[in-house]
Asker: 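Structure incoming, see below.
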Amino acid sequence: MSVVRVTLPDGSAREYDREVTPLDVAKSIGSGLARAAVAAMVDGRGVDLTTPLVGAVALNILTDRSPEALEILRHSCAHLMAQALKRLYPEARFGVGPVIDNGFYYDVDIDHRLTVEDLPRIEEEMHRIVKENVAVERRELAREDALEAFRRLGDPYKVELIEAIPAGETISTYAQGEFVDLCRGPHVGSTGKVRHFKLQSIAGAYWRGSEKNKQLQRIYGTAFFSEEELETHLRLLEEAKRRDHRRLGRELDLYHLQEEAPGMVFWHPAGAVIWRQVEGYIRGVIEQNGYQEIRTPMIVDRSLWERSGHWDKFREMMFTTESESREFAVKPMNCPCHIQVFNQAVRSYRELPLRLAEFGSCHRNEPSGTLHGLMRARNFVQDDAHIFCTEAQIGPEVIAFIRLVFEVYATFGFGVPLIKLADRPAQRVGSDAVWDRAEQALRDALAEVGASFELNPGEGAFYGPKLEFSLQDSLGRVWQCGTIQVDFSMPERLAATYVGEDNHPHTPVMLHRAILGSIERFIAVLIEHFGGAMPPWLAPVQAIVLPISERHRDYAVQVSARLAQVGVRTEVDRHDEKVGAKIRNAQLRKIPYMVVVGDHEQEAGTVAVRLRDLGDQGSMEIDSLIKRITTAVRSRAIEL
RNA sequence: GCCGACGUAGCUCAGCCGGUAGAGCAGCUGAUUUGUAAUCAGCAGGUCGCAGGUUCAACCCCUGUCGUCGGCUCCA
């Protein structure tokens with residue numbers, strides 16, 4: 001009998017002179033750990049608690065507190081659901097059933113067309129299987145045996161999956177009672193461990209993601225280790241629904257979309273205020289950071305797009321128009337136009353880096369099925385800029401840009417963004433040496449500002465590597481907004497040059513960069529982040545004056561005029577309603593400052609202030625209110 | 001773009017087996033003169049997404065189309 005030597009995450013080691021499993025090890029450490037154990041990592045690989053350990057291994061027992069364990073639980077829950085489905089629909093054949101962010105899904109091929117009404121029945125069956133507490137057992141088998149087994153089960157999808165598994169890789173199945181599934185594992189030890197779950201929705205999904213294949217029914221669900229966590233998660237989803245920018249956009253009268261212009265936004269006065277504030281703020285920031293704003297045409301002759309390469313690659317995404325036998329395209333991006341501005345003069349190296357910025361309105365004919373409110377539109381405005389520079393200037397420019405992104409996101413009330421470095425894809429232009437230097441410049445810039453990042457291997461653009469900046473909203477959702485991309489290709493294609501110190505022409509490097517990305521989309525993120533309750537500087541109406549009764553209207557108008565004089569966006573509520581109703585309306589419109597005026601205030605020349613988030617503040621001088629509002633607005637405070 | 005569901009008043013939604021549409025909120029008018037999340041009453045508001053078809057008769061059934069929603073795919 002060989003000796004098993006186990007090293008635990010804390011560095012301690014244990015030796016066993018008999019066959020042991022992770023569960024045995026857990027038991028030998030403590031019964032509490034054994035109870036909490038879900039699965040284990042052996043040398044970085046997930047295994048079942050019952051997998052025998054061999055030789056010297058690094059063991060990490062996963063308990064219900066480890067993030068990896070949650071994925072295992074959800075994966076086991078997917079199997080549990082599949083078993084229930086098989087019981088209810090014996091003809092069921094299964095595609096893939098992976099874990100995804102916040103849950104899992106399983107693709108199933110059954111004759112019955114599922115609706116959400118079927119979900120409770122499936123859940124019921126799942127709970128029954130949980131009660132049965134069936135053991136989940138792993139079996140490893142030879143490829144031929146596996147193929148044979150699933151052929152016998154009549155599961156063509158699984159057969160296809162096995163065929164795709166590279167030779168030499170272990171093929172394993174997991175059985176729980178009468179149900180067997182092809183699976184790498186690991187899994188929880190028995191169905192009784194999966195208790196807190198919810199099936200959420202049904203959607204169509206093609207087998208292997210190709211529309212040429214049969215469409216399967218995909219059932220989404222989620223699972224947690226405790227009922228509280230499950231409920232918290234479900235509440236979060238409810239909250240996300242309440243904050244949906246499409247719903248708030250209508251309720252707050254910010255914008256609308258209509259059939260005649262699919263994917264293109266009609267901004268209402270209130271929404272346009274938010275827009276102007278966002279744009280104005282960014283304009284100020286870039287002015288202070290050495291950018292020059294330009295404006296370029298929206299419709300440009302086809303020949304420019306041919307030269308830039310867009311016509312070849314993205315023609316079907318471009319709107320075109322025609323006049324006097326010439327074909328034009330509505331710009332899908334601003335860079336070719338910016339290069340035209342660059343090219344209008346003989347540029348010297350002394351002018352670099354040259355930073356040209358534009359709030360450029362772009363149109364892309366996105367597939368109809370992908371449109372989503374402001375988040376994915378066919379017409380959107382980028383806070384775009386192109387920095388023309390030398391290769392040596394990439395580093396400093398990227399550093400400055402990262403700092404700028406951090407500053408801007410913080411202003412909007414977001415924390416430090418998540419950063420991804422997308423490096424060279426298989427299909428690319430430019431020599432490896434140039435890519436090496438550009439990627440290194442991005443890494444060095446990140447190190448210089450002390451920013452941590454994740455690598456996104458092979459996801460760079462064909463023309464250069466890029467950084468992507470994602471912010472996290474108040475519900476913990478991640479939105480990619482900012483980006484900076486190195487471009488070795490387009491300046492050359494469009495013949496951009498500058499005269500170097502050596503008196504010879506050189507091709508500049510171009511950096512594409514945006515902080516917010518699409519302003520439409522960024523506003524949508526803001527709406528959802530704040531749940532429509534915008535900070536004072538962004539609020540369409542900052543202060544609404546509420547006269548107690550009709551006889552206070554004149555005074556209300558005076559107060560409102562005073563506020564307007566100092567630049568506060570204000571209104572008077574002239575409805576013939578009780579204050580309670582006016583407060584309610586103002587509150588529903590999420591107006592930050594409510595200014596109540598009645599007999600007391602009129603006589604004393606004061607105002608009674610109610611804050612959206614903090615309630616009644618009592619009476620104060622009008623000047624105090626003005627100071628309070630203008631201070632909050634000027635500092636772009638998030639809190640009132 | 002693909003699959004599915006949906007499209008009725010400004011908004012949210014009812015509308016049975018095919019017999020020419022209804023509520024609440026919002027709006028308007030009147031009464032009320034209001035003190036921190038909804039005062040009462042009346043009135044007005046509709047080519048039932050659009051185009052065809054079936055039928056004596058279509059919001060309802062059929063076909064097409066546009067849009068929206070949920071996914072899939074895509075996202076320079």
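Computation of the quantities below employed the complete heavy-atom set of this structure, encompassing side-chain atoms and omitting hydrogens, waters and symmetry-equivalent molecules. Each chain gets a letter, A, B and so on, in the order the sequences are listed, and its residues count up from 1.
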Asker: Can you tell me the distance, in whole Å, between the CZ atom of Arg218(A) and the P atom of rG4(B)?
Answerer: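 Rounded to whole Å, this separation is 16 Å.
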Asker: Rounded to whole Å, how long is the line connecting atom CG of Leu257(A) with atom P of rG67(B)?
Answerer: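 That distance rounds to 12 Å.
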Asker: Please give, in whole Å, the distance from rC75(B) C1' to Arg521(A) CZ?
Answerer: 10 Å
Asker: Touch check for His575(A), heavy atoms < 4.0 angstrom, all strands: base, sugar-phosphate only, or nothing?
Answerer: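 Result for His575(A) = sugar-phosphate.
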Asker: How long is the line joining CZ of Arg553(A) and P of rG35(B), in whole Å?
Answerer: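 Taking CZ of Arg553(A) and P of rG35(B), I get 16 Å after rounding.
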Asker: Give a yes or no on this: more than 12 heavy atoms of other residues, nucleotides or ligands lie within 6.0 Å of atom CZ of Arg574(A).
Answerer: no
Asker: Given the structure, check if the side chain of Glu601(A) and the base of rG35(B) hold any donor-acceptor pair shorter than 3.5 Å.
Answerer: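 Answer yes: a donor N or O sits under 3.5 Å from an acceptor.
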Asker: Rounded to whole Å, how long is the line connecting atom CZ of Arg610(A) with atom P of rU36(B)?
Answerer: 9 Å
Asker: What does rC61(B) pair with, Watson-Crick or G-U, if both distances are under 3.5 Å?
Answerer: rG53(B)
Asker: Could you pick out which residue, Met317(A) or Ser368(A), lies toward the 5' side of RNA chain B when each is mapped onto its nearest nucleotide?
Answerer: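 Upstream on the strand: Ser368(A).
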Asker: Any donor-acceptor pair under 3.5 Å joining the side chain of Arg247(A) to the base of rC11(B)?
Answerer: no
Asker: Could you walk me through whether Asn102(A) and His233(A) satisfy the side chain to side chain donor-acceptor pair (under 3.5 Å) test, starting with their C-alpha distance in whole Å, then the side-chain angles of each, then the deciding distance to 0.1 Å, before giving a yes or no?
Answerer: CA-CA 8 Å; Asn102(A) 301 318; His233(A) 177 73; 4.5 Å; no
Asker: Hey, which of these two, Phe462(A) or Val609(A), hits RNA chain B nearer its 5' end, going by closest nucleotide?
Answerer: Val609(A)
Asker: Mind listing the closest non-hydrogen atom pair of Asn334(A) and Gln382(A) along with its distance?
Answerer: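 So the two residues come closest at ND2-OE1, 3.3 Å.
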Asker: Between rU33(B), rG35(B), rA38(B), spot the one nearest the side chain of Val579(A), thanks.
Answerer: rG35(B)
Asker: With distance as the sole criterion, do the side chain of Arg376(A) and the base of rC75(B) form a donor-acceptor contact below 3.5 Å?
Answerer: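 Such a pair exists between side chain and base.
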Asker: Measure CZ/Arg574(A) against P/rU32(B) and give the value in whole Å, please.
Answerer: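 Rounded to whole Å, this separation is 21 Å.
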Asker: Of the listed nucleotides (rG49(B), rC69(B), rG35(B)), which one gets closest to any side-chain atom of Glu259(A)?
Answerer: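 The listed nucleotide nearest to Glu259(A)'s side chain is rG49(B).
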Asker: Rounded off to whole Å, could you give me the CD1-to-C1' distance for the Ile544(A) and rA37(B) pair?
Answerer: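 Nearest whole value for this atom pair: 14 Å.
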Asker: Within the 4.0 Å heavy-atom criterion, would you say His372(A) contacts the bases, only the backbone, or no part of the nucleic acid?
Answerer: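 Sugar-phosphate only.
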